[in-house]
Amino acid sequence: MADQERYRHPAPTYRLVVAGKDITPAVDARLISLTLTEGRENTADQLDLELDDSDGQLTLPRKEAEIELQLGWQGQPLIDKGTFVVDEVEHTGAPDKVTIRARAADLGGEIRKRAEKSWHSTTLGAILAEVAKRNSLSHKVDAKLAATKVDHVDQTNESDMHFLTRLARKYDAVATVKKKHLLFMPINGTTTSKGESLPTIHITRASGDQHRWSSSTREALDGVRAWWSDRVNGKRKEVVAGDKTRNVKTLKETYASEQDALTAARAERQRLERGMATFELTLALGRPELMPQSPVRVTGFKEDIDGQGWLVKEVCHTLSDGGLGSKVQMERGGSEKSE
């Protein structure tokens, strides 16, 4: 009996709440699979539920119903994965089943509506504060990013969410909205939606089921060039982040000032450096605490893999009869260089 206890696998568990009511007991007997995909790009986190309806007694959920999800292991605190809004319901058979697709609640509504706005001689922090206010969001912005001067930027017939994502790309940051809170932080900042530091997660080779590491010099560049418009003499000028005498990538956009151009060039260079090495792991025993921006250290692989700090780009958690597993996509943790 002692040996059985020693080698017993932990049991996965979850909690689903709709309109303040815990529906887990009602769902549990029907659950075929639960899949949660979390990413940092301009797509909402997605929750997929497959439920057994072979007895025909399952009531179809209404669209726009809100679902709160917590995920984890029995005997341990569950991880809050946020609130999702049902936007697609599908019934198939035989055998009959219902598939529910829901997306992160805070990436709908007003923040997806197109708007027009221009800003002049301001700061990035002031712009983000205004966007947060008109969407009734609280917000937290990295102090260095908030103080960044912005000579001119236009929001031209695009949604606030698309605009935020464009700003995030320009400044090599991540913009997330969860639970009515906007967070704008450097990609290497490794923070939660509340602005709290994410702990480094350690994963050993024994924890993994499959892995794929890739390193490429195809995108290796020595510098990134950006153009800006000098309004004093009406000429277009260049700046380069890195070495401008060797292999240089040129950005298409022409920026309003030298500082804007240099900021964009530095961000693109950092992004390219991170993408030169990628690492994918399929974990037989899922790690629900993994989320986009989680810093990760691994051991038991090759020296080049173990010696590198990794940053989670996307993670997919799946709960089914086979247990709780996680598939995580990571990129190299880049350095914040300045020229």
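Minimum heavy-atom separation, His181 to Ser138: ND1-OG, 2.7 Å. Heavy atoms only, all atoms of each residue included: Val174 and Pro186 are closest at CG1-O, 4.3 Å. Summarising the geometry of Thr35 relative to Cys316, their closest heavy-atom pair is CG2-SG, 3.5 Å, with the distance given to 0.1 Å.
Summarising the geometry, atom CZ belonging to Arg212 is positioned 9.5 Å from atom NZ belonging to Lys327; distances are rounded to the nearest 0.5 Å. Separating the CG atom in Asp230 from the NZ atom in Lys235 is a distance of 9.0 Å, to the nearest 0.5 Å. The OG1 atom of Thr318 sits 9.0 Å away from atom CG of Leu36, with the distance rounded to the nearest 0.5 Å.
Side-chain N/O atoms of Asp154 and Ser118 include a donor and acceptor closer than 3.5 Å. Using modelled atom types and a 3.5 Å distance limit, the side chains of Asp80 and Gln70 yield no donor-acceptor pair. Between Gln155 and Trp119, the side chains place no donor N or O within less than 3.5 Å of an acceptor N or O (distance only, hydrogens not considered). A donor atom on one side chain and an acceptor atom on the other are not found under 3.5 Å apart for Gln308 and Asp306. Remark: the Glu331 side chain and the Thr278 side chain contain no N/O donor-acceptor pair separated by less than 3.5 Å.
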Under 3.5 Å, which donor-acceptor pairs do the side chains of residues 252-260 form with other protein atoms, sequence neighbours left out?
from	atom 1	to	atom 2	distance (Å)
Ser257	OG	Asp151	OD2	2.7
Ser257	OG	Asp260	N	3.1
Gln259	NE2	Thr263	OG1	3.3

Exercise for the section: Take Thr83 and Ile67 through the test side-chain contact (heavy atoms from CB on, under 4.5 Å) and record every step on the way to the result. Expected result: CA-CA 6 Å; Thr83 303; Ile67 304 174; over 6 Å; no
TODO: With side-chain contact (heavy atoms from CB on, under 4.5 Å) as the test, would you mind laying out the steps for Leu47 and Arg101 before giving the verdict?
DONE: CA-CA 6 Å; Leu47 172 64; Arg101 295 184 179 91; over 6 Å; no
*Could you walk me through whether Glu268 and Arg271 pass the salt bridge (Lys or Arg N to Asp or Glu O under 4.0 Å) check?*
CA-CA 5 Å; Glu268 181 64 16; Arg271 187 160 37 250; 2.7 Å; yes
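Counting heavy atoms from C-beta outward, Thr200 and Val296 have side chains that stay 4.5 Å or more apart. No side-chain heavy atom of Ser229 sits less than 4.5 Å from a side-chain heavy atom of Arg236. A 4.5 Å side-chain heavy-atom check between Val328 and Glu314 finds every atom pair outside the cut-off. Contact of the Leu324 side chain with the Leu71 side chain is registered, since non-hydrogen atoms from C-beta on lie closer than 4.5 Å. Side-chain contact check for Val98 versus Ile100: some heavy-atom pair is nearer than 4.5 Å. By the 4.5 Å heavy-atom criterion applied to side chains, Lys140 and Met185 are counted as neighbours. With contacts defined as side-chain heavy-atom distances shorter than 4.5 Å, the pair Ile203/Arg287 qualifies. Considering only heavy atoms from C-beta on, Tyr171 comes within 4.5 Å of Val150 through its side chain.
Under a cut-off of 6.0 angstrom, the local environment of CD in Glu303 is sparse, with at most 12 non-hydrogen atoms contributed by other residues, nucleotides or ligands. For Asn157, the CG atom counts as densely surrounded, since its 6.0 Å shell holds more than 12 non-hydrogen atoms of other residues, nucleotides or ligands.
Remark: side-chain polar atoms of His317 are paired, donor with acceptor, to backbone N or O of Leu290 under 3.5 angstrom. Looking only at distances, a side-chain donor or acceptor of Trp73 sits under 3.5 Å from a matching main-chain atom of Gly286. In this structure, the side chain of Asn135 engages the main chain of Val131 through a donor-acceptor pair within 3.5 Å. Under the 3.5 Å distance criterion, the side-chain polar atoms of Asp87 are left unmatched by any main-chain donor or acceptor of Arg103. Of the possible donor and acceptor atoms, one in the side chain of Asp55 sits under 3.5 Å from a partner among the backbone N and O of Gln57. Side chain of Ser54 to main chain of Pro95: no donor-acceptor pair is present (N/O by atom type, distance under 3.5 Å, no hydrogens or angles).
Checked against the 6.0 Å centroid criterion, the rings of Phe301 and Trp310 do not qualify as a close aromatic pair. Annotation: His139 is not in aromatic contact with Phe184 [ring centroid separation under 6.0 Å not met]. The aromatic ring centres of Phe279 and Trp213 sit 6.0 Å or more apart.
A salt bridge links Arg15 with Asp22; the closest basic N to acidic carboxylate O contact falls under 4.0 Å. Remark: Lys117 engages Glu130 in a salt bridge, criterion side-chain N to carboxylate O under 4.0 Å. A salt bridge links Arg166 with Glu158; the closest basic N to acidic carboxylate O contact falls under 4.0 Å.
The only member of Asp28, Val18, Val17 that meets side chain to side chain contact (heavy atoms under 4.5 Å, CB included) when paired with Ile23 is Val18.
A continuous path of ILVMFWY side-chain contacts below 4.5 Å connects Leu128 to Leu145, so both sit in one hydrophobic cluster.
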